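A short write-up of the structure that comes next.
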Number of protein chains: 2
Amino acid sequence: MSPYAHPRLTPRRRAVLDVLRASPDHPTASEVYDRVRETAPGIGAATVYRTLGMLVSTGQALELNLGDGVSARYDANVTRHDHLVCERCGRAVDVDLGVPAALVDAVTRTTSFTITGYDLQVRGLCPHCQASPGTGHPDPGHLEKEH
Amino acid sequence: MSPYAHPRLTPRRRAVLDVLRASPDHPTASEVYDRVRETAPGIGAATVYRTLGMLVSTGQALELNLGDGVSARYDANVTRHDHLVCERCGRAVDVDLGVPAALVDAVTRTTSFTITGYDLQVRGLCPHCQASPGTGHPDPGHLEKEH
DNA sequence: TACCAGTTGAGAACGACTCTCATTATCTAC
DNA sequence: GTAGATAATGAGAGTCGTTCTCAACTGGTA
Ligand SMILES: [Mn+2]
Ligand SMILES: [Mn+2]
Ligand SMILES: [Zn+2]
Ligand SMILES: [Zn+2]
């Protein structure tokens with residue numbers, strides 16, 4: 001049977017969803033786990049991973065692969081938008097470039113794929129990382145300092 | 001000292017690079033490993049992973065995160081291009097939408113990020129996956145049949 | 001209240017990737 | 001060529017994010 005056929009909005013799942021909706025910074029599953037334990041201390045990691053998966057498959061959240069790290073990031077903003085990603089620290093902020101539909105339509109005509117959407121990530125350096133001449137590898141240190 | 005300061009083009013590394021350049025299908029590291037063993041049977045997995053990392057950091061290959069699976073994919077085509085990705089089986093083909101520079105410039109003006117580039121992935125269903133009414137989850141089965 | 005599908009947490013399992021380290025290959029003087 | 005220095009290699013262990021397993025539990029429903 002397919003999972004999440006009759007999903008309940010249990011207190012644990014509500015807590016995960018609340019945390020995600022209060023997090024505009026595209027947290028990892030592990031970060032969601034840390035934050036949700038502040039209001040639901042006994043929750044298990046498996047429940048957080050399962051709930052995030054359910055939210056994604058029911059369209060209440062997006063799973064992002066920002067390429068920098070190994071872990072997926074989650075986004076409660078399910079409206080069409082793009083991302084601006086810092087190549088050094090991984091910080092990701094919402095942007096919307098509004099790629100012309102004509103460009104996507106051109107792909108439809110020149111391939112035999114059925115197009116369902118697109119994912120655009122703009123890469124760059126955030127203000128913090130421009131200021132600190134880094135080592136060349138990711139240094140998300142300043143993220144901790146902004147709690 | 002930074003790695004790959006004086007990289008040598010050893011027979012193993014040449015074999016990996018040759019395999020990648022003969023692979024327009026964006027193989028995973030594991031797939032590169034399988035293919036390179038046909039010409040360099042004794043090569044170790046660590047060497048393949050290390051070599052792919054070196055090729056990426058020296059600009060001779062691209063590492064892609066196509067979001068569908070868990071593993072990175074590699075691309076010897078280092079010219080500017082985008083990707084059309086099948087959401088069911090993960091097949092990825094090269095496309096080029098030519099996103100107008102004006103759109104990217106707009107991001108530069110409205111944020112304090114320094115923009116270095118962008119990554120555009122168009123999502124859809126490949127012809128194979130349109131034909132086979134699937135289970136809803138990835139089914140790369142038909143990829144094997146095309147050797 | 002009894003039923004029972006759905007949910008939960010702990011820990012094991014998994015898979016992609018990285019690290020360690022002893023051995024081997026290659027380069028650079030002589 | 002030979003020797004010594006430096007870099008590369010492969011096996012296997014280790015890491016880490018994520019998924020799986022399963023026994024206990026919960027919460028709608030009749
Ligand atoms: Mn977002
Ligand atoms: Mn490509
Ligand atoms: Zn940054
Ligand atoms: Zn497909």
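All chains are named by letter (A, B, ...) in the order of the sequence lines, taking the proteins before the strands, and each is independently numbered beginning at 1. These numbers come from a predicted model, not from an experiment.
- In the model, B/H83 has no side-chain atom that pairs as donor or acceptor with a side-chain atom of B/D119 under 3.5 Å.
- For B/R8, taking side-chain heavy atoms from C-beta onward, the closest of the listed nucleotides C/dA16, C/dA10, D/dA8 is D/dA8.
- Cation-pi geometry between A/R37 and A/Y33 is satisfied (NZ or CZ under 6.0 Å from the ring centre, within 45° of the ring normal).
- At a threshold of 4.5 Å between non-hydrogen side-chain atoms, the residues B/T51 and B/V36 do not count as touching.
- Partners of A/T108 under the side chain to side chain donor-acceptor pair (under 3.5 Å) rule, at least two apart in sequence or in another chain, do not exist in this structure.
- Within 4.0 Å of A/R13, counting heavy atoms only, lie sugar-phosphate atoms of the nucleic acid but no base atom.
- A/A45 comes within contact range of no nucleotide atom at all, as no heavy-atom separation falls under 4.0 Å.
- Each end of the helix from C/dT1-D/dA30 to C/dC30-D/dG1 gets its own axis, taken as the rotation carrying the C1' atoms of four end pairs onto the next four within a five-pair window, and the two axes meet at 30° to the nearest 10 degrees.
- Nearer the 5' end of DNA chain C, as judged by each residue's closest nucleotide, is the contact made by B/R73, out of B/P11 and B/R73.
- Partners of B/V70 by side chain to side chain contact (heavy atoms under 4.5 Å, CB included), not counting sequence neighbours: none found.
- Side-chain contact between A/L84 and A/R91: absent, with no pair of heavy atoms (C-beta onward) separated by less than 4.5 Å.
- Residue contacts for B/G53: at a heavy-atom cut-off of 4.0 Å it reaches no nucleic acid atom on any strand shown.
- With DNA chain D read from its 5' end, the first of the two nearest nucleotides for B/V48 and A/V70 is the one closest to B/V48.
- Residue A/R14 contributes atom CZ, which lies 13 Å from atom P of C/dT8 at whole-angstrom precision.
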